[in-house]
Every structure is written in C-alpha cells, then in structure tokens.
Amino acid sequence: MADRTTLDDVKRIAWAACDTFRGVIDASEYKDFILVFLFYKYVSDVWKEHYQEADQRYKGDQLRVERKMARERFVIPKGASFDDLFRQRNADNIGELIDQALDANAERNKTKIGDAFADVMFNSETKLGDTRNRNRRLKSLIEDFAKLDLRPSRVVGDGADHKTAEDVIGEAYIYLIERFGSEAGKKAGEFYTPRQVARVLARIAAPQPGDRICDPACGSGSLLIKAAEEVGSRDFALFGQEVNRGTWGLARLNMFLHGIDGARLEWGDTLNDPKLVDGASLTKFDVVVANPPFSLDKWGAENAENDRFGRFWRGVPPKSKGDWAFITHMIEAAKTQEGRVAVVVPHGVLFRAGKEGIIRKAVIEENLLDAVIGLPANLFQTTTIPVAVLLFDRRREKGGALADRHDIYFIDASRDFQQGKNQNQLLDSHVDRIISALATREDVERYARAVPVDEVKENGFNLNIPRYVDTFEPAEEVDIAEVQKEIDTLEEELTSLRAKMREHLKELGLNV
C-alpha cells in the first residue's frame with residue numbers, strides 16, 4: 001500500500017470486505033460487522049501512533065507513557081488492539097477472540113461508546129456459519145482491514161481537500177451507511193435517511209449556535225450529524241433516541257467518529273417510553289428533526305390516552321398509522337415559543353380524515369404549521385412514493401417572535417430531481433431552490449405559494465399541495481386548419497404509395 005491512505009482507499013477496501021458476508025446474511029445485518037470493524041481498526045491505529053509518539057517523547061519511560069495514554073480520547077486495553085487480533089487470525093476461536101477484544105474496548109471506554117458493540121456477535125454460528133466457515137470468513141475480514149493504514153499521519157483527504165483523519169473516517173462511515181442502505185432495500189428505513197433529504201431537513205430547521213438538537217428516531221445518527229454541520233461551529237448539543245439496539249450502537253460510533261463525544265443517545269421506544277426527559281416532563285429542544293417510520297402499525301395507541309407526558313391532548317392517532325404520533329411528540333419536545341420541528345412524512349398525513357384530520361386541524365388552528373414541502377417520488381430505498389416535509393415553528397405561538405405570521409408556505413418540489421438507475425436524487429441546486437424560496441416566502445409560479453391560514457381552513461384543513469400550488473402547464477394552442485392540411489397531405493402520400501406497391505406486386509406476378 002502507498003504511504004498515504006485516502007478516502008477512496010477506505011471506501012474501496014471497506015466495501016470489498018463486505019464480500020465476506022454477501023450471500024450469508026443480508027446487508028441490513030452485515031453492515032454492523034463492517035462498520036464496527038472500521039471503527040475498531042481506526043481507533044486501534046490512532047492508539048498505536050499516539051503510543052509510538054509518547055514512547056519516543058518520554059524515551060521509553062513506561063510509567064510516563066502509560067499516564068499519557070490514559071488521557072487518550074479512546075483507550076485500547078492491553079492485548080485488545082486490532083494488531084493483536086491480526087496476529088491471532090488463524091486461531092480456532094477467532095470469533096470468540098474478536099468478541100472479547102470488543103467487550104474489553106467497550107468496557108474501558110464506556111463513557112464514550114457505552115454498549116455499542118453489544119449486539120454484534122462475531123462468534124455467532126446462527127449468522128456466520130459453523131466454526132470452520134466462520135473462522136474462514138473472519139480471517140478474511142481481518143486481512144482485508146489490515147490493508148488499511150488508518151494512523152492519523154497516514155490518512156489524507158482526496159485531491160485538494162485538507163481533511164483530518166477524523167474527517168475522512170467519518171465521511172467513509174457515512175458513505176458505507178448509504179451503500180448499505182442501497183443494498184438493504186426496504187430494510188434500510190430503520191437506519192438510513194438519504195443524504196440530500198437529511199440536508200433539506202437540516203437546512204429548513206436552521207439550527208443556530210448554542211442550539212439543542214434532537215432526533216427522536218435517530219437511526220444511525222446521520223441526520224443529527226447533518227443538522228450539527230449546519231450550525232457552522234461546535235457550539236451545539238445533540239440528543240437522540242433509537243428503538244433498534246444495534247442501530248443505536250452504530251449511531252454512538254458514528255458520533256464518536258465525527259468528534260461528537262458529548263451526544264446523548266438513548267436506546268428505547270420514543271412513543272411508548274421516551275428517555276429524553278426532565279423529571280415528569282419531556283426535555284425541550286431548539287430544533288427537532290426526524291425521518292420516522294412511515295405509517296407505523298401497532299405504535300402504541302392503546303397507551304396514548306394515559307400518556308404520562310400528556311403528549312396526545314390534541315387526539316390519539318389511529319393505531320395503524322403512527323405518523324401523527326411522532327409529529328405530536330416532536331412538537332411537544334420543541335421549546336415553547338422558540339422551537340422548530342422538521343419531519344419527513346408520507347402524503348397521506350396531509351389529507352387523511354378521521355383522527356388524523358382532528359389533530360391536523362388542531363395544529364393549524366394553533367398557528368404552528370409554517371411550511372409544507374413536497375419532494376419527488378422514489379428518493380428512498382424503503383418506498384417509491386413521493387414524500388413531504390412539514391416544518392412547524394413554535395415561534396408562531398402567541399408571544400413568539402413570529403406570532404404575526406398567519407400563512408403556510410407551500411412548495412411543490414416534486415419535479416426537481418435527477419433520475420437515477422434505482423432511485424431519484426436531489427441535487428444541491430434542487431435543495432438550494434427550496435431553501436431560497438422558503439427564505440423569501442414569495443409566490444413562485446407553479447412552484448411555491450404563501451397561503452393564508454384562513455384559506456386552508458376553507459379547504460377543510462386539507463394540506464394536499466395541488467390545492468394551493470397550481471402546477472398545471474397549459475397545452476400549446478392547436479391550429480386545426482394546419483393539422484387538417486397535414487392529414488390531407490399524408491393521405492395523398494399514402495394513396496400514392498399504395499398504388500406503387502400494387503404495380504410492384506403485379507410485376508412480380510402476384511395478384512392483389
């Protein structure tokens with residue numbers, strides 16, 4: 001390998017390592033093994049380089065070296081580094097040795113990553129096969145990652161980029177999550193939000209320095225990280241909750257790799273057992289963003305009437321569709337008169353009647369809904385349907401800075417996309433157009449319109465975008481006389497051709 005390791009090197013080798021598991025388990029499962037191993041190799045190489053530097057600095061004074069290393073951001077216990085496993089890669093119990101090394105690392109760095117490795121079992125016969133085949137696969141995995149030199153002094157950004165090793169590994173981690181999302185197909189929804197959709201959410205929520213930012217359905221944490229990037233500084237605090245334990249573990253690793261050690265990520269069911277609480281109340285945030293599961297069935301409606309936080313006072317969503325349950329939670333978790341909420345929803349949320357219609361009516365009458373943005377179809381691996389983004393702004397409440405705003409800004413961005421092989425893509429220009437329109441709130445023909453709340457009330461609180469943004473493009477006027485003239489000409493040509501054909505057939509002695 002060359003003296004330097006680039007982002008492309010990390011992407012290529014890590015993705016090639018996936019061949020170890022393809023055909024054995026689904027991408028939605030083997031992602032855990034690859035992402036954990038990338039993290040493990042990186043922190044091991046960082047530790048190794050820093051240890052070598054300390055050893056040189058203190059000229060082999062072991063006590064001073066150990067004291068210096070005890071202050072490292074991530075501490076590798078003795079005998080539990082990647083290099084230690086590489087030396088043992090031919091061991092008959094290599095799966096057990098990997099699990100033991102990861103457990104030792106998790107225990108030593110509990111305040112940083114908690115139990116992030118707990119659900120990733122490399123010694124699992126159920127997932128990785130019998131001992132012989134499991135050992136073969138794990139040896140291959142170790143040897144693949146051994147090709148990567150991830151010491152900070154060796155990792156560089158591609159081209160003219162001046163990225164730190166942490167930047168490169170963080171970006172590679174996000175890249176792999178995206179690729180796993182594509183491979184996993186419909187199983188990807190629990191851990192992945194497409195990057196540009198996350199960017200739309202983050203930009204319209206517009207987090208500011210000092211903000212507390214929350215994602216109550218955080219998946220692998222990429223949306224939270226994208227929101228943090230919008231702040232433009234390190235002055236923010238991140239919070240999240242994730243119901244899937246394995247995905248929650250990946251989120252913690254994702255935060256660490258992006259240098260966000262202080263993020264508070266909880267494992268649990270947000271709708272039935274919210275963990276981000278202050279005593280008897282929900283913790284309040286400046287910004288709440290989420291891409292929750294669409295129309296979640298059996299979300300816990302039977303418990304909502306007696307919710308100890310009183311979240312569902314506007315009404316209880318139907319038990320087969322949890323969309324408004326997530327929205328309600330997010331609104332209640334936003335700071336009164338200050339908080340902003342941005343959430344991805346299926347279009348049914350905009351117009352379905354019944355219990356959902358009652359809740360929708362309530363939030364509109366409270367003047368909380370600020371914008372409705374329609375996005376193109378086929379942006380997600382989990383569904384081909386078009387989706388929308390809702391922006392709620394509690395500054396519109398009485399006493400808030402935007403209390404005098406009484407319109408809802410509708411944007412129809414459903415036609416702005418680049419068609420891809422398997423799914424459509426939002427380009428930067430499409431995202432910029434949405435943000436620019438939202439900033440001005442001006443009417444844009446066949447694209448955007450600021451609609452008075454009274455007009456929405458007159459439409460029965462239906463938020464279906466075509467009711468408010470006319471995207472109909474008139475057909476060109478047809479000159480009937482000119483069209484008839486063309487038809488007459490074509491008929492004459494056809495008559496002439498038929499006559500010539502008959503002559504040719506007669507010459508060939510064929511009767512027609």
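What you see below is based on every heavy atom in this structure, not just the backbone, and it leaves out hydrogens, waters and symmetry mates.
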Check: Do Gln196 and Asp428 pass the side chain to side chain donor-acceptor pair (under 3.5 Å) test, and can you show the C-alpha distance, the side-chain angles, and the key distance before you say yes or no?
Finding: CA-CA 8 Å; Gln196 288 295 62; Asp428 287 345; 2.9 Å; yes
Item checked: Validation row, ring centre Trp324 to ring centre Phe294 under 6.0 Å -> no
Check: For Asp269, does its backbone N or O pair with a side-chain atom of Asn272 as donor and acceptor, under 3.5 Å?
Finding: no
Next item on the list: Run the salt-bridge test on Arg405 and Asp393 with the 4.0 Å N-O cut-off and return the result as yes or no.
Entry: no
Check: Would a line drawn from the ring center of Tyr173 to the ring center of Phe39 be shorter than 6.0 Å?
Finding: no
Note to self: With heavy-atom distances below 4.5 Å as the criterion, would you say the side chains of Arg195 and Lys226 are in contact?
What the structure shows: yes
Check: Can you tell if the side chain of Val287 reaches within under 4.5 Å of the side chain of Cys214, non-hydrogen atoms only?
Finding: no
Item checked: Any side-chain donor near an acceptor of the partner, Ser281 and Asp278, under 3.5 Å -> no
Next item on the list: Mind checking the CG-CD1 spacing from Leu463 to Ile408? Nearest 0.5 Å is all I need.
Entry: 6.0 Å
Margin query: Would you call the rings of Phe122 and Phe37 parallel, tilted or perpendicular, taking 30° and 60° as the class edges?
Written below: tilted
Item checked: Short N-O contact, Arg203 and Asp432, less than 4.0 angstrom -> yes
Notebook entry, point to check: Would a distance-only check, ignoring hydrogens and angles, find a side-chain to backbone donor-acceptor pair under 3.5 Å from Gln241 to Gly268?
Noted result: yes
Item checked: Interatomic distance, Asn367 atom CG to Arg396 atom CZ [nearest 0.5 angstrom] -> 4.0 Å
Margin query: Salt bridge or not between Glu356 and Lys321? Use side-chain N to carboxylate O under 4.0 Å.
Written below: no
Item checked: Lys/Arg-Asp/Glu bridge criterion (N-O < 4.0 Å) met for Arg395, Glu397 -> no
Note to self: Under 3.5 Å, is there a donor on one side chain and an acceptor on the other for Asp99 and Asn123?
What the structure shows: no
Check: Taking 4.0 angstrom as the limit, do Arg212 and Asp286 come out as a salt bridge?
Finding: no
Margin query: Checking the side chain of Arg179 only, and the main-chain atoms of Trp15 only, is there a donor and an acceptor separated by less than 3.5 Å?
Written below: no
Next item on the list: Apply side chain to side chain donor-acceptor pair (under 3.5 Å) to Glu166 and His258, showing your working.
Entry: CA-CA 7 Å; Glu166 190 173 76; His258 284 83; over 6 Å; no
Check: Do Arg352 and Ser295 have side-chain heavy atoms sitting under 4.5 Å apart?
Finding: yes
Next item on the list: Over 60° means perpendicular and under 30° means parallel, so classify the ring planes of Phe82 and Phe86, tilted if in between.
Entry: parallel
Notebook entry, point to check: Should Glu366 and Arg314 count as an ion pair when the cut-off is N to O under 4.0 Å?
Noted result: yes
Check: With a 4.5 Å limit on heavy-atom distance, are the side chains of Val46 and Phe74 in contact?
Finding: no
Check: Of the options Asp416, Val372, Ile434, which is the one that meets Ile411 in a side-chain contact (heavy atoms from CB on, under 4.5 Å)?
Finding: Ile434
Checklist line | Carboxylate-amine/guanidinium proximity below 4.0 Å for Asp211 and Arg340 | finding: yes
Note to self: A side-chain contact here means heavy atoms from C-beta on lying under 4.5 Å apart; do Trp299 and Ser320 qualify?
What the structure shows: no
Next item on the list: State, without any angle test, whether Asn133 and Arg136 hold a side-chain donor-acceptor pair at a distance under 3.5 Å.
Entry: yes
Notebook entry, point to check: Mind checking whether Phe285 and Phe239 have parallel, tilted or perpendicular rings, split at 30° and 60°?
Noted result: tilted
Checklist line | Heavy-atom side-chain proximity of Phe326 to Pro293 below 4.5 angstrom | finding: yes
Check: Side chains of Ile142 and Ile94: closer than 4.5 Å at any heavy-atom pair?
Finding: yes
Margin query: Counting C-beta onward and ignoring hydrogens, is there a side-chain heavy-atom pair between Glu365 and Val453 closer than 4.5 Å?
Written below: no
Margin query: Assess the residue pair Ser414 and Asp412 against the criterion (side chain to side chain donor-acceptor pair (under 3.5 Å)); give the C-alpha distance rounded to whole Å, side-chain angles, the decisive distance to 0.1 Å, and a yes or no.
Written below: CA-CA 6 Å; Ser414 61; Asp412 186 346; 2.5 Å; yes
Item checked: Point-to-point distance, once rounded to the nearest 0.5 Å, from CG of Asp370 to CG of Leu391 -> 5.0 Å
Checklist line | Atom of Asn105, atom of Pro77 and distance for their closest heavy-atom approach | finding: OD1-CD, 3.3 Å
Item checked: Arg134/Asp130 salt bridge by N-O under 4.0 Å criterion -> no
Note to self: Looking at Asp9 and Lys11, is any side-chain nitrogen of the basic one under 4.0 Å from a carboxylate oxygen of the acidic one?
What the structure shows: no
Margin query: Is the distance between the ring centroids of Phe117 and Tyr40 under 6.0 Å?
Written below: no
